[in-house]
Protein chains: 2
Amino acid sequence: MSKTSNGKSRASGRITLAEVAAHAGVATMTASRAISQPELVSPLLRGRVERAVAELAYVPNRAARALASAQSNVIVVLVPSLSNAVFTAVLAGIQDALDADHYQILIGNTRYSDAEEEKLLGINLQSNPDGILLSGLTHSPRVRQMLATSRVPIVSMMDLASEPTQLSVGFSQQQAGQAMTRYLLDKGHRRIAFLGAQRDERTLKRADGYRAAMAAAGLADPRLELMVDAPSTIALGAELLGRLLAEMPDCDAIFCCNDDLAHGAIYQCQRRGIAVPQQLAICGFNDLPASAWMSPSLTTIATPRYRIGFEAATLLRAVIRGETPPATRIDLGFTLMARESA
Amino acid sequence: MSKTSNGKSRASGRITLAEVAAHAGVATMTASRAISQPELVSPLLRGRVERAVAELAYVPNRAARALASAQSNVIVVLVPSLSNAVFTAVLAGIQDALDADHYQILIGNTRYSDAEEEKLLGINLQSNPDGILLSGLTHSPRVRQMLATSRVPIVSMMDLASEPTQLSVGFSQQQAGQAMTRYLLDKGHRRIAFLGAQRDERTLKRADGYRAAMAAAGLADPRLELMVDAPSTIALGAELLGRLLAEMPDCDAIFCCNDDLAHGAIYQCQRRGIAVPQQLAICGFNDLPASAWMSPSLTTIATPRYRIGFEAATLLRAVIRGETPPATRIDLGFTLMARESA
DNA sequence: CTGAAAGCGCTTACAG
DNA sequence: CTGAAAGCGCTTACAG
């Protein structure tokens with residue numbers, strides 16, 4: 001509107017704070033304060049500025065603010081998947097924890113790829129984030145180096161760090177895997193198979209727990225483990241069940257590394273007329289919504305994913321504010337949901 | 001490192017382009033060019049700059065670049081949900097379409113709330129985005145006003161705009177609802193119920209299609225429609241099935257506005273011993289992964305959600321570049337998947 | 001409580 | 001092909 005830039009200017013054409021100030025008849029500084037720290041401005045001038053903002057439909061330029069103030073109010077979140085309900089729940093928790101704050105949340109989907117994580121981190125570091133929320137404890141050397149040189153506060157989500165200096169919120173994936181295996185052992189199963197996909201950090205740790213429990217019971221048998229690189233899907237669960245039974249027909253229970261695989265395995269049993277749990281016990285991990293409702297309902301581990309996001313964001317915010325957090329390692333635990341399938 | 005800022009400076013403490021340039025023994029400008037437009041710089045200087053960048057672990061400041069160049073390279077995406085697999089697929093399509101580009105994708109989750117959409121749009125408009133990807137065609141007056149004054153290119157996803165000036169990528173939700181209802185009618189069903197949740201734009205349009213088909217068959221009956229505000233979940237589908245059968249025991253088929261509801265309805269039938277489709281036909285909408293695998297497999301509408309994201313992002317990119325798109329309205333259609341449940 | 005000046009870290013014209 | 005100057009739109013000290 002009105003007299004904006006003259007001639008060969010590089011101006012964006014949008015309303016600036018200076019124009020708002022001129023319109024309100026105050027200095028740019030005063031307009032800035034009336035917006036950012038209104039309590040420091042007299043009601044009279046504040047009102048004039050507010051009116052000018054509304055009349056001109058002023059939208060602050062975030063880049064200019066970030067540059068001038070040397071702080072971005074950005075929090076970066078890196079998750080390995082958006083199609084996995086576990087991580088969308090984590091994101092919901094983060095969103096809720098930060099809702100009242102002024103932070104802009106930058107979501108990056110690494111697709112379980114180190115290369116993608118490096119790329120996304122590099123791009124997002126350019127936004128000079130106030131903090132970073134990371135999934136998992138294991139990262140590539142390049143990622144670790146980028147994080148170290150950036151000196152940005154980091155909270156790791158999902159699992160618990162061994163080093164107490166590292167901030168982490170989650171639960172022991174290994175112990176959860178062990179607990180589920182012990183449950184099956186206690187039920188009298190002996191030939192318990194482990195079905196894994198994606199080979200991501202959490203799957204590997206759950207497999208560790210499975211192995212520990214089987215070894216402790218003197219029942220370890222590597223042939224009972226079926227692990228693939230492909231992403232977890234219902235279709236893969238159905239397929240892996242077939243492969244497992246073909247190779248290990250004497251197996252009497254299956255621990256699937258997540259519910260998707262377990263759902264697929266159960267559906268496949270239904271199609272083949274295999275009674276679950278009578279002929280074959282099946283359990284999963286995560287307790288997705290369908291697990292409680294399907295028939296047979298799925299025995300699984302309920303994971304506090306929403307709370308992981310919420311508590312991790314809360315912890316990160318505290319650290320950003322310079323507060324000393326009460327704990328650097330927040331164990332949110334897990335719950336074994338014993339249902340019909342095992 | 002070395003001699004950074006002196007005294008009371010407001011510097012961020014991070015390595016700047018000027019330091020990289022000094023380290024390489026070139027002007028700041030040349031360093032800038034060596035990074036942004038390397039082909040314009042001699043191999044000798046380019047090499048020196050590249051080495052300096054690596055040695056100092058230089059990370060460009062995005063805010064400064066955005067401010068100086070008056071372009072953000074940001075694309076904002078607003079979706080109503082992240083827990084709904086439909087929208088995470090849309091996001092995956094967008095990500096893939098824009099992967100080779102330099103865009104930063106800002107994801108906003110409006111949670112099916114107009115207020116939240118206004119808030120997110122306001123915040124994200126501060127980043128001066130090059131373009132915006134919106135879900136749906138219906139928005140609050142404030143949102144429409146904000147979009148209009150921003151003059152940022154917009155592509156609407158999911159449904160098709162009636163005005164050809166408005167860029168849209170999707171399919172007719174109304175026609176899809178109609179097609180599914182006709183399918184049930186053709187199968188001989190007469191008392192076909194409609195189960196809806198969330199009351200979002202798409203649910204309402206599918207209901208419109210249902211009503212049109214029922215009216216055309218002379219079988220319309222408002223009591224067959226059960227619509228609630230709550231978000232769609234499997235649990236809600238199970239609950240609504242109970243309510244529907246209590247009120248309309250003569251209903252012989254159910255069209256659920258999405259697969260989540262349909263899954264819940266089917267699971268509930270299994271628990272109650274109601275044979276699907278013999279006693280009651282059930283169909284859904286979206287074709288989620290479980291639908292093809294569950295027993296009975298779910299008759300539903302497969303929606304091109306990944307492609308919607310991909311094509312919408314491709315269209316937006318073309319418009320941002322100033323190209324004239326071949327079409328302003330991209331109809332990606334839908335596919336009725338006739339399976340066991342109806 | 002209010003404001004003139006300087007500066008954040010980059011890029012855009014413009015010269016050479 | 002290279003560079004000195006100015007400017008993007010804000011905020012931070014610093015005065016008054």
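Each chain gets a letter, A, B and so on, in the order its sequence line appears, and its residues count up from 1.
- The separation between A:N73 atom CG and D:dT11 atom C1' is 13 Å, rounded to whole Å.
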request  = Starting from the C-alpha separation in whole Å, work towards a yes-or-no answer on side chain to side chain donor-acceptor pair (under 3.5 Å) for A:N124 and B:Q104.
outcome  = CA-CA 8 Å; A:N124 285 311; B:Q104 181 174 38; 3.2 Å; yes
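- The interatomic distance linking A:Q126 (CD) with C:dC10 (C1') rounds to 12 Å, in whole Å.
- Proximity of residues 25-46 of chain A to DNA chain C (heavy atom under 4.0 angstrom from any strand atom) is restricted to A:V26, A:A27, A:M29, A:T30, A:R33, A:L40, A:V41, A:S42, A:L45.
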query = How does DNA chain C look in dot-bracket notation if pairs are Watson-Crick or G-U with both distances under 3.5 Å, crossing ones as [ ], other-strand ones as |?
reply = |||.||||||||.|||
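- What separates CD1 of B:I15 from P of C:dC10 is a distance of 10 Å, to the nearest Å.
- Distance B:N61 CG to C:dG9 C1': 6 Å, rounded to the nearest Å.
- Remark: the backbone N or O of A:L137 is not paired with any side-chain donor or acceptor of A:S156 at under 3.5 angstrom.
- Atom-to-atom, CG of A:L67 to P of D:dG7 comes out at 17 Å; the value is rounded to the nearest Å.
- In this entry the distance linking CD of A:Q71 with C1' of D:dG9 reads 16 Å, nearest Å.
- Between A:Y58 and D:dC10, a side-chain N or O to OP1/OP2 separation shorter than 4.0 Å is present.
- Partner of A:L125 under the side-chain contact (heavy atoms from CB on, under 4.5 Å) criterion, out of A:V76, A:I132, A:L147, A:T149: A:I132 alone.
- Distances were taken from every side-chain heavy atom of A:L17 (C-beta onward) to each of D:dG9, C:dT11, D:dT11; the shortest belongs to D:dT11.
- We find that CG of A:N128 is positioned 16 Å from P of D:dT11, with the value rounded to whole Å.
- A donor atom on one side chain and an acceptor atom on the other are found under 3.5 Å apart for A:R14 and B:N128.
- B:Q126 and A:R65 are not linked by any side-chain donor-acceptor pair at a separation below 3.5 angstrom, with hydrogens and angles left out of the test.
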